[in-house]
Amino acid sequence: MTTSSRPVSSSQPWLHQKGKVIQEFGTVKQFPIGLSYEARMYSCQRLNNVLADTQILYGLYKKHHWLMRGATFYQLHLVLDKHAGEQLELVDTIAERVQSLGGVAVGDPRHVAEITSIPRPPDGVEEVPAMLSRLLEAHETILIDAHDAASRTGELGDDGTNDLLVSQVIRTGELQAWFLAEHLVDTPLVRA
């Protein structure tokens, strides 16, 4: 039995590959889904805006989850992590909708940072009410955009995008905003 001194080429990974872009961001390819090019293009643009903001909101939730402080630390730590997980599910769902329309979902964090409308937070730790307020403001930004996008995509006949925006993005965002806002209520002390 002899062994060859030559490496087996089929087991060597092809490293450092480069490829050409086969679909540009901001374009849609034709899919047989019964929607016009214009409707699919519009929906992809609006969904990518919501997707970028949702990715930023997910990041804010994780940041604030890690940096939570104070007497309500444990409860908020858990709530913020739960909300982050729900936002991450939305990220995947929105991205898949863009892809199913023939578009290209925004995914690179640097690209997300370029198109988000949610302001960047300070790098350090803010006070808890400021962190919660920042999350509420991000939710409101997304909700305003999602309400408008849902209405317009519905008018264009894109019921799938309308349904996604209403039943998942808006309903999840409204519920999460409610949970957060209730943590900012100043309840009076009850004296016995």
Side-chain angles (χ1 to χ4, degrees), residues 24-27 41-99 101 103-153 161-162 164-186:
E24 294 289 336
F25 181 80
T27 65
M41 178 64 95
Y42 183 81
S43 292
C44 286
Q45 290 169 345
R46 294 304 298 268
L47 285 168
N48 268 320
N49 290 338
V50 173
L51 177 56
D53 289 345
T54 302
Q55 289 180 70
I56 295 297
L57 179 57
Y58 164 76
L60 286 175
Y61 265 116
K62 288 308 285 187
K63 175 183 179 175
H64 297 334
H65 158 78
W66 297 322
L67 303 179
M68 193 47 54
R69 303 285 203 282
T72 59
F73 164 80
Y74 185 70
Q75 295 87 348
L76 284 172
H77 183 76
L78 294 178
V79 165
L80 298 183
D81 200 37
K82 177 182 181 292
H83 286 192
E86 293 166 353
Q87 289 300 315
L88 188 58
E89 286 181 29
L90 282 176
V91 165
D92 195 50
T93 302
I94 298 165
E96 287 176 353
R97 180 65 187 167
V98 171
Q99 295 300 129
L101 291 169
V104 177
V106 61
D108 186 290
R110 295 161 295 194
H111 191 189
V112 168
E114 291 172 4
I115 66 175
T116 187
S117 55
I118 296 175
R120 182 179 173 164
D123 290 335
V125 179
E126 294 178 282
E127 295 172 338
V128 171
M131 286 191 271
L132 297 179
S133 290
R134 184 173 300 285
L135 290 167
L136 284 169
E137 289 165 9
H139 271 295
E140 188 169 36
T141 296
I142 293 168
L143 287 167
I144 289 169
D145 191 32
H147 279 287
D148 183 64
S151 175
R152 292 177 185 247
T153 57
T161 297
N162 172 278
L164 166 73
L165 291 167
V166 172
S167 67
Q168 294 182 53
V169 174
I170 292 172
R171 288 195 180 136
T172 299
E174 288 174 346
L175 187 63
Q176 289 183 347
W178 171 48
F179 272 73
L180 293 176
E182 292 299 331
H183 281 277
L184 293 174
V185 173
D186 188 18

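Among residues two or more places apart in sequence or in another chain, the side-chain contact (heavy atoms from CB on, under 4.5 Å) test is passed with Val166 by Ala150, Asn162, Ile170, Arg171. With sequence neighbours left out, the salt bridge (Lys or Arg N to Asp or Glu O under 4.0 Å) criterion links Arg46 to Asp145, Asp148. Every residue two or more places apart in sequence or in another chain was checked for a salt bridge (Lys or Arg N to Asp or Glu O under 4.0 Å) with Glu174, and none qualifies. Here Lys62 pairs with Asp81 under the salt bridge (Lys or Arg N to Asp or Glu O under 4.0 Å) rule; sequence neighbours left out. Residues meeting the salt bridge (Lys or Arg N to Asp or Glu O under 4.0 Å) test with Asp92, sequence neighbours left out: none.
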Using the side chain to side chain contact (heavy atoms under 4.5 Å, CB included) rule, take Val50 and Leu90 through it: C-alpha gap first, then chi angles, then the decisive distance, then the call. CA-CA 10 Å; Val50 173; Leu90 282 176; over 6 Å; no
Verdict with supporting geometry, Leu47 and Leu165, side chain to side chain contact (heavy atoms under 4.5 Å, CB included): CA-CA 9 Å; Leu47 285 168; Leu165 291 167; 4.0 Å; yes
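Across every non-hydrogen atom of Glu24 and Val104, the tightest pair is O-CG2, 3.6 Å. Nearest heavy-atom pair across Pro121 and Leu60 is CG-CD2, 3.5 Å. Closest of all the heavy-atom pairs between Val98 and Ala105 is CG1-N, 3.6 Å. Closest non-hydrogen pair, Leu67 versus Met131, comes out as O-CE, 3.7 Å. Shortest non-hydrogen contact noted between Thr141 and Ser117 is CG2-OG, 3.4 Å. Taking every heavy atom of both residues into account, Ala177 and Leu136 meet most closely at O-CD2, 3.3 Å.
Interatomic distance, CD1 of Ile118 versus CG of Asp53, reported as 4.0 Å (0.5 Å rounding). The CG atom of Leu57 sits 11.5 Å away from atom CG of Leu88, with the distance rounded to the nearest 0.5 Å. Taken to the nearest 0.5 Å, the SG atom of Cys44 stands 11.5 Å off from the CG atom of Asn49. The CE atom of Met41 sits 11.5 Å away from atom CG of Leu101, with the distance rounded to the nearest 0.5 Å. Note: Gln55 CD to Asp108 CG = 9.5 Å, rounded to the nearest 0.5 Å. The CG atom of Leu135 lies 11.0 Å from the NE2 atom of His183; values are rounded to the nearest 0.5 Å.
Applying the side-chain contact (heavy atoms from CB on, under 4.5 Å) test between Thr54 and each of Thr172, Ile94, Thr116 identifies Ile94 as the sole match.
Side-chain contact check for Leu143 versus Glu140: every heavy-atom pair is 4.5 Å or farther apart.
Each ring-ring contact (aromatic ring centres under 6.0 Å, His included) pair with one or both residues in residues 43-62, not counting sequence neighbours, appears once here: Tyr61-His83, Tyr61-His139.
Note on ring orientation: taking the six-membered ring where Trp is involved, the planes of His111 and Phe25 are perpendicular (angle over 60°, cut-offs 30° and 60°).
Note on Lys82 versus Glu86: salt bridge recorded, some NZ/NE/NH1/NH2 to OD/OE distance being below 4.0 Å.
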